[in-house]
Novice: 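Take a look at this one; I'll ask things after.
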Number of protein chains: 2
Amino acid sequence: MVKKKKQQTLSTEDKILAAARKVFTTKGKAAARMQDIADEAGINKALLHYYFRDKNKLFDTIFLAEAKKFFPRINMIFELEAPLFEKIEKFVAEYVDEMRINPYLPLFVLNEINHDPKRFLQKIWGKGTMPKPEKFLQQLDSEIKKGTIRKIQPMQLLMNMISLTIFPFVAEPMFTYVLRMPDKKFDELMEQRKVEIPQFIIASIKK
Amino acid sequence: MVKKKKQQTLSTEDKILAAARKVFTTKGKAAARMQDIADEAGINKALLHYYFRDKNKLFDTIFLAEAKKFFPRINMIFELEAPLFEKIEKFVAEYVDEMRINPYLPLFVLNEINHDPKRFLQKIWGKGTMPKPEKFLQQLDSEIKKGTIRKIQPMQLLMNMISLTIFPFVAEPMFTYVLRMPDKKFDELMEQRKVEIPQFIIASIKK
DNA sequence: ATTTAGTTTAACCATTTGGTTAACAAAAGT
DNA sequence: ACTTTTGTTAACCAAATGGTTAAACTAAAT
């Protein structure tokens, strides 16, 4: 007889959501099987359809939840009211912390967005909640005019910041394999990046 | 009488490869349908199996070909015999050029690697052809000791270089949507990055 | 104790999908 | 000429997969 352990405490719906999250994020939407999710949740396949009508509905639920962990961090830097360098430090640190917990996140989100950009991007920012980079870009412009940082295209600097922060998590398997790096070493490197990246950026633009 | 060139049209095998490449890279392996590929190639589905036994064989053929466009560029920087800054400029420029032609490439390759790292990474570098970053990392060490660049962990600098170069192509749909950027504008930005990225890196580390 | 509403399951169904077969056409040998 | 090999197709098949159904179980409400 199969003993249920910790999961006994979780509601069926939560068990499904946890299972779906695991299967979808590791295999991707197309390769994920409803049966896999049912097995992972330790329930019957029909029960999936009882709680979530169909695969799309279940996927959208998971995707939206995951995307909300991914994107608000990008927004943050646009909304925040703070000096430039402080903003950069905060953005990188918070992002790296989140991704260290969920390293699968960026590739999952970016990949599904790539497969159907309109569908997902509109789903994430239904109406007026879309990120507005203008303020941040203006802040960069203003710092350049003040002469506190060297001349650089604000859009390029923004891209650099995001690239430096997110990419290593997208390419984790490649890095760890090519650089013969155990997972623990990779995680240490990511922790270091919380100071490394801001240092690198600021050293490049500070006058 | 004017002689016609032989094979003005593509051979069936080439039509299949082109079609498979398109379908696999846009939809991913799991979501790609053999029928889609047959349609795209304008042939019967059975003919696919005549040329390539099954889906896995066909996919591996495509994946290997694409991965070979993606990875040698990473190797290049490790093999090349040149001054550091020149190396950086060359790496970025060549990589950006390649990705501008095949923007789908990084996400496709990284995504499939993520789904089964051992299988693909071993398939790409069968035995002794694996990239060896040691020389490049040593060069960085040596430049730091000489005092031509500031103190920085070589591994972090390597990651920064790769991240800055590749990430924008992985996140293209996100960038163009969030920053309300037409495709042409994005492409222009990428062209600019060929000088922007080396400048950014060198400004950060040069002493 | 009986009803009722929600939960769960085994069995089933329809469609999709990768893959095969057999027939046939076009080249290539002989 | 005719035989063999290679290229191509329509029809078919079995397995996989998403989804449904009806019945059974459970726990609370009446």
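Protein chains get the first letters and strands the later ones, always in sequence-line order, with residue 1 at the start of each.
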Novice: Glu89(B): what forms a salt bridge (Lys or Arg N to Asp or Glu O under 4.0 Å) with it, not counting sequence neighbours?
Specialist: none

Novice: What side-chain donor-acceptor pairs closer than 3.5 Å can you find for residues 99-112 of chain A, not counting sequence neighbours?
Specialist:
| residue | atom | partner | partner atom | Å |
| --- | --- | --- | --- | --- |
| Arg100(A) | NE | Asp187(A) | OD1 | 3.1 |
| Arg100(A) | NH1 | Glu191(A) | OE1 | 2.2 |
| Arg100(A) | NH2 | Asp187(A) | OD2 | 2.9 |
| Asn102(A) | OD1 | Arg21(A) | NH2 | 3.0 |
| Asn102(A) | OD1 | Tyr104(A) | OH | 3.4 |
| Asn102(A) | ND2 | Glu98(A) | OE2 | 3.2 |
| Tyr104(A) | OH | Arg21(A) | NE | 3.3 |
| Tyr104(A) | OH | Arg21(A) | NH2 | 2.5 |
| Tyr104(A) | OH | Glu66(A) | OE1 | 2.5 |
| Asn111(A) | OD1 | Asn111(B) | ND2 | 3.3 |
| Asn111(A) | ND2 | Asn111(B) | OD1 | 3.3 |
| Glu112(A) | OE2 | Lys29(A) | N | 3.2 |

Novice: Within this structure, what is the CD-to-C1' distance between Glu13(B) and dT6(D), rounded to whole angstrom?
Specialist: 13 Å

Novice: Contact class for Ala38(A) vs. all strands (heavy atom < 4.0 Å): base, sugar-phosphate, or nothing?
Specialist: nothing

Novice: Just how far is it from atom CD1 of Ile149(A) to atom CD1 of Ile202(A), taken to the nearest 0.5 Å?
Specialist: 10.5 Å

Novice: To the nearest angstrom, how far is Leu48(A) atom CG from dT7(C) atom P?
Specialist: 15 Å

Novice: Is the closest basic N to carboxylate O distance between Asp60(A) and Arg119(A) below 4.0 Å?
Specialist: yes

Novice: Side chain to side chain donor-acceptor pair (under 3.5 Å) with Ser204(A): which residues, sequence neighbours excluded?
Specialist: Arg150(A)

Novice: Name all pairs fulfilling the ring pair (Phe, Tyr, Trp, His ring centres under 6.0 Å) condition that reach into residues 71-101 of chain A, sequence neighbours left out, sorted by first residue then second.
Specialist: Phe70(A)-Tyr95(A), Phe71(A)-Trp125(A), Phe91(A)-Tyr95(A)

Novice: Please assess Ser163(B) against Asn160(B) for the test side chain to side chain donor-acceptor pair (under 3.5 Å), listing each intermediate value before the final yes or no.
Specialist: CA-CA 5 Å; Ser163(B) 300; Asn160(B) 290 352; 5.5 Å; no

Novice: Between the opening five pairs and the closing five pairs of the helix from dA1(C)-dT30(D) to dT30(C)-dA1(D), how far apart are the helix axes, to 10°?
Specialist: 10°

Novice: Who pairs with Asp54(B) by side-chain contact (heavy atoms from CB on, under 4.5 Å), at least two apart in sequence or on another chain?
Specialist: Asn56(B), Lys57(B)

Novice: Could you go through nucleotides 19-23 of chain D and list every protein N or O atom that sits under 3.5 Å from one of its N or O atoms, giving the distance for each pair?
Specialist:
| residue | atom | partner | partner atom | Å |
| --- | --- | --- | --- | --- |
| dG19(D) | OP2 | Lys55(A) | N | 2.8 |
| dG19(D) | N7 | Lys45(A) | NZ | 2.7 |
| dG19(D) | O6 | Lys45(A) | NZ | 2.6 |

Novice: Picking from dT8(C), dT8(D), dT17(D), which would you name as closest to the side chain of Arg33(A)?
Specialist: dT17(D)

Novice: Which residue pairs pass the ring pair (Phe, Tyr, Trp, His ring centres under 6.0 Å) test with at least one member in residues 24-57 of chain B, sequence neighbours excluded?
Specialist: Phe24(B)-Phe59(B)

Novice: In whole angstroms, how far is the P atom of dT17(C) from the CD atom of Gln35(B)?
Specialist: 9 Å

Novice: Taking only residues two or more places apart in sequence, or in another chain, which ones meet Ala82(A) in a side-chain contact (heavy atoms from CB on, under 4.5 Å)?
Specialist: Leu80(A), Glu86(A), Lys87(A)

Novice: When all nucleic acid strands are considered with a 4.0 Å heavy-atom cut-off, which category describes Ala32(B): base, sugar-phosphate, or nothing?
Specialist: sugar-phosphate

Novice: Can you check the Tyr50(A) OH to dA10(C) P distance for me, whole Å?
Specialist: 17 Å

Novice: Could you tell me whether the phosphate oxygens of dT7(C), OP1 or OP2, come under 4.0 Å of any side-chain nitrogen or oxygen in Thr12(A)?
Specialist: no

Novice: Rounding to an integer number of Å, can you tell me how far Ile37(A) CD1 sits from dG18(D) P?
Specialist: 8 Å

Novice: Specify the separation, in whole Å, of atom NZ of Lys15(B) and atom C1' of dG7(D).
Specialist: 12 Å

Novice: Got a sec? Which of residues 16-23 of chain A come in under 4.0 Å of DNA chain C, heavy atoms?
Specialist: none

Novice: Please list, chain by chain and in numerical order, all residues satisfying side-chain contact (heavy atoms from CB on, under 4.5 Å) with Ala46(B), sequence neighbours excluded.
Specialist: Asn44(B)

Novice: Any side-chain N or O of Tyr51(A) under 4.0 Å from OP1/OP2 of dT8(C)?
Specialist: yes

Novice: Residues two or more places apart in sequence or in another chain: which of them pass side-chain contact (heavy atoms from CB on, under 4.5 Å) with Gln192(A)?
Specialist: Leu189(A), Gln153(B), Gln156(B)

Novice: For Leu47(A) and dG6(C), what is the distance between atoms CG and P respectively, to the nearest whole Å?
Specialist: 15 Å

Novice: CG of Asp14(B) versus P of dG7(D): gap in Å, rounded?
Specialist: 13 Å

